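Worksheet for the structure shown next.
Source: prediction; values computed, not measured.
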Amino acid sequence: MSTEDRPAAPRSLAEALRGRDDVSLGALLRSRPDLITPVPTDLTQLATRAGTRASVVRALERLDRFTLQTAQALAVAADPATYDELLGLMAGDDADPAVAQALPHALGILREQALVWGGDDRLRLVRTARELLAPSPQHPSPTGLGPTVQEATAGMSPGRIQEIVTAAGLPSTHDSVSAVTSLTELFTDRRRMAALLAGAPADSLDVLERLVWGPPYGQVTADPAPRLRWLLDRGLLLPTAPGTVVLPREVALHLRRGLAHRTPEPVPPAVEAAAVHRPQVVDSTAAGQAYTALATVEELLKDWDEGGPAVLRAGGLSVRDLKRTAVALDVPEPVAAFWVELAYAAGLIAPDGEADERYAATPAYDEWLELPAAERWSRLVTAWLPATRTAGLVGGRDAKDRTLSALGPGLDRSAAPEVRHRVLALLAGLPEGTAPAAESVLTRLRWERPLRGTQHEDDLRGRLAEWALSEAELLGVTGRGALSAHGRALLGAPAAAAKSPEAEPSGPGDKLPVHHRPTQVPALSATEQAVASAAAARLLTPLLPEPLDHVLLQADLTAVAPGPLQRPLADMLGVLADVESRGGATVYRFTPGSVRRALDAGQSASDLHAFLAAHSRTPVPQPLTYLIDDVARRHGHLRVGAASSYVRCDDDAVLGEILADKRAATLGLRRLAPTVLAARTDPAGLLEGLRAMGFAPAAESAEGDVLITRAHAHRTPPRTAPEPVPDGPPVPDDTLLAAALRAIRAGDLASTTPRKPGTAPEANGELPRTGSAETLATMQAAVLTGEALWIGYVNAEGAASQRVIAPIRVEGGFVTAYDHTADEVRTYPLHRITGVAELADDAG
């Protein structure tokens with residue numbers, strides 16, 4: 001191609017964007033969705049938005065380590081730089097082949113994200129990115145490089161510059177600019193620079209060695225030592241402030257053999273295996289843990305069924321209530337916080353909204369209980385994957401040094417879903433049954449998002465990854481640390497992609513060594529996630545134990561459930577007995593209190609005997625029969641009602657025994673009649689007090705009938721699950737992306753189409769202004785000739801815009817035209833058109 005035929009190099013980012021096709025622009029908008037929030041009017045506005053500080057910082061945070069290193073190298077290179085100069089900074093004089101192989105891909109990512117523009121002969125880093133990444137005394141560069149000779153000598157006197165040039169063995173010049181240029185050429189000439197350093201004292205070279213990889217600044221006294229004086233005289237160290245010197249960038253690069261980074265990292269670190277298990281063992285272990293997860297959530301909600309803990313004034317659970325919940329679930333407090341937050345994220349618990357607000361189960365909990373076990377598990381993990389509330393933060397402190405409480409404010413971390421998904425995707429990239437070394441997973445994540453991993457001192461991203469691994473194990477997504485088959489299905493990851501490390505990947509590094517290639521499992525849309533969750537539930541179903549319809553009664557007043565029980569049996573047994581231990585088999589213990597609880601719920605002794613006989617595979621032990629009969633015989637012998645409250649009993653000796661008991665003093669009892677006692681406490685308090693003394697009273701109504709106190713299921717009004725806090729604007733779907741591209745292209749056409757000389761306003765972006773008569777005449781003429789026009793238009797909301805239209809019909813104060821900006825036929829009121837201008841004859 002001749003020089004005349006070669007397309008001109010773009011002079012700005014906007015021109016570079018105009019040279020892109022729709023596929024390339026679509027990739028930019030997908031990788032940086034903040035650029036179309038809202039949709040820019042044209043490519044110039046898109047380029048301006050792509051160069052804003054907030055957008056550039058967001059884009060840099062999403063670069064992997066090598067791509068970020070490439071951007072950092074461009075920030076210390078000349079502006080513009082050539083590809084060969086960039087390669088030299090990244091690969092060094094030794095031309096590292098791994099770096100040379102990975103650099104085109106990294107540069108392609110920077111171009112795609114509009115952080116770099118221009119051809120390989122004129123690479124330009126976006127100005128804002130250069131300002132963020134270039135070294136300065138206030139913000140040292142990760143490269144460890146200092147300012148250039150030109151920057152370091154900017155305030156130096158011309159005489160001092162000439163002294164340095166002479167001491168370095170260079171001829172003196174007539175001005176400082178040429179002197180600095182001469183010194184820069186010396187420091188960038190490998191042969192001449194080697195000769196200069198060959199004559200340096202050994203202790204002077206030691207000074208350079210300490211500064212070469214950064215930080216490049218050092219302290220000197222007013223009378224520097226000879227080893228420093230030798231370096232200062234030749235400009236190998238340059239003063240930047242009183243008592244401070246810096247190693248010029250060109251000198252450091254010579255000593256580094258051209259490398260901008262001490263250790264370029266072109267290859268993502270591999271996720272190492274910690275253990276390998278048979279896939280069947282992993283799946284069965286994960287299924288067992290999934291069943292335990294369901295049982296734990298059910299136990300939590302059963303504990304809160306009649307109204308859970310009070311909501312703190314600032315929101316959330318108190319420390320005491322979290323401890324009580326942990327004891328009830330027999331788990332550590334951090335694990336209890338996770339289960340509470342998971343139930344909240346799944347919409348199973350919420351505040352009840354009462355004046356004395358408490359946490360309680362929602363109506364969705366009752367619907368959830370009716371689902372098959374695998375579907376209940378699917379609901380939980382589907383709520384966990386996108387959740388931004390982070391249970392691991394509970395007990396920590398916020399920015400105002402306030403304690404973060406479970407279910408309270410301040411627990412949302414927008415990066416949590418991305419980290420969670422990425423951790424599981426890395427596990428999906430390992431062979432089936434392989435458990436990763438946790439530290440290698442963290443190392444890989446730090447490579448993929450280095451800025452996000454170091455922007456906070458506590459490395460939140462690393463902690464999120466650790467929590468993701470432990471939570472996946474608690475939920476049964478993983479088993480023995482390895483991703484299960486139903487866990488893979490949940491991600492939508494094909495099993496074939498995980499059977500060996502040689503599986504074909506997608507994404508960055510396609511030409512890298514196979515075992516170092518990154519594994520990309522794309523995030524799923526809501527519809528795709530629903531399909532994947534259903535597939536995971538189908539895989540889990542045969543691994544979960546079938547609910548049983550029987551228990552094993554034992555002579556020590558216990559019942560053993562050798563597996564999960566069917567819902568009616570479990571509910572009834574939960575009322576009749578207390579859970580003593582959980583595990584593979586659940587042990588229930590019968591006590592006088594638990595039997596009385598069943599009688600209070602409306603069961604009779606004969607009902608209980610029949611229930612146990614029907615559901616026990618062993619004969620009902622005689623001690624259990626005697627226990628039920630004994631409690632039933634005494635149940636309801638005493639009657640409690642409301643006066644404030646009263647106790648009545650046909651046996652006045654029993655009432656006398658109660659009055660004589662010192663423990664009854666707090667009840668405020670007094671005898672009203674031989675068979676009636678009155679009390680100052682309310683009926684509920686009187687019931688509890690008498691039961692604590694060993695009696696078995698029953699409540700009665702105003703009519704004297706025994707009140708049956710069935711378990712009261714307290715529910716909140718219908719509540720929706722909390723919405724995750726988005727980590728920036730969502731990635732646009734294909735429909736939105738197509739519409740945005742069409743609008744941007746059309747707006748760019750309207751703003752860049754050439755106008756006829758003398759018809760367009762001089763000020764860039766100013767709307768055309770013509771009188772109403774001229775506007776009407778020009779429109780009518782364009783209808784006859786079929787020409788396109790440039791108009792200014794103000795809509796009903798007062799928003800002004802420029803448009804290119806081809807008028808079709810003008811009548812009744814309206815013009816109907818094909819609008820190139822909107823790519824459709826529209827009708828505009830003439831009175832809202834500010835003016836019209838004709839396009840140049842060659843406008844295309």
Completion exercise
The residue among Asp366, Thr362, Asp352 that forms side-chain hydrogen bond (donor to acceptor under 3.5 Å, both in side chains) with Arg715 is Asp366

Handout entry: CG-CG distance between Leu576 and Leu612, expressed to the nearest 0.5 angstrom
Key = 5.5 Å

Problem - Note, Ser645 side chain near Thr681 side chain (heavy atom, < 4.5 Å) - result: yes

Practice task
Answer yes or no: is there a side-chain heavy-atom contact under 4.5 Å between Ile658 and Leu667?
Solution key: no

Problem - Rounded distance [0.5 Å steps], CZ in Arg691 versus CG in Asp600 - result: 4.5 Å

Exercise for the section: Check whether any side-chain heavy atom of Glu700 lies under 4.5 Å from a side-chain heavy atom of Tyr646, and answer yes or no. Expected result: yes

Exercise for the section: Inspect the surroundings of CZ in Arg389 and state if more than 12 heavy atoms from other residues, nucleotides or ligands are less than 6.0 Å away. Expected result: yes

Problem - His609 side chain near Val620 side chain, heavy-atom distance below 4.5 Å - result: no

Problem - Distance in Å, Ser616 OG paired with Leu552 CG, rounded so as to fall on 0.5 Å steps - result: 6.5 Å

Handout entry: Gap separating the CG atom of Leu301 from the OH atom of Tyr365, nearest 0.5 angstrom
Key = 4.5 Å

Completion exercise
Scanning both residues in full, the closest heavy-atom pair of His550 with Leu569 reads N-CD2, 3.6 Å

Completion exercise
Interatomic distance, CG@Leu540 vs CH2@Trp377, rounded to 0.5 Å, equals 5.5 Å

Problem - Heavy-atom side-chain contact between Val654 and Phe695 under 4.5 Å - result: yes

Completion exercise
Shortest non-hydrogen pair, Ala678 vs Leu672, comes out as CB-CD1, 3.5 Å

Problem - salt_bridge(Glu418, Arg461) N-O dist < 4.0 Å - result: yes

Problem - Gap between atom OG of Ser594 and atom OH of Tyr588 - 0.5 Å precision - result: 12.0 Å

Problem - Passing option when Asp578 is tested against Arg597, Arg596, Arg589 for salt bridge (Lys or Arg N to Asp or Glu O under 4.0 Å) - result: Arg597

Fill in the blank from the handout: With Glu341 as partner, the option from Leu393, Leu407, Thr390 fulfilling side chain to side chain contact (heavy atoms under 4.5 Å, CB included) is Leu407

Problem - Pro363 vs Thr716 side-chain heavy atoms within contact, under 4.5 Å - result: yes

Practice task
With the side chain counted from C-beta on, respond yes when Val340 and Val394 share a heavy-atom pair under 4.5 Å apart, and no when they do not.
Solution key: no

Problem - More than 12 heavy atoms from other groups under 6.0 Å of CG on Asp549 - result: yes

Handout entry: Heavy-atom side-chain contact between Trp384 and Val477 under 4.5 Å
Key = yes

Problem - Heavy-atom neighbours of Arg397 CZ exceed 12 at 6.0 Å - result: yes

Exercise for the section: Salt-bridge test for Arg671 and Asp652: reply yes if a basic N is under 4.0 Å from a carboxylate O, no otherwise. Expected result: no

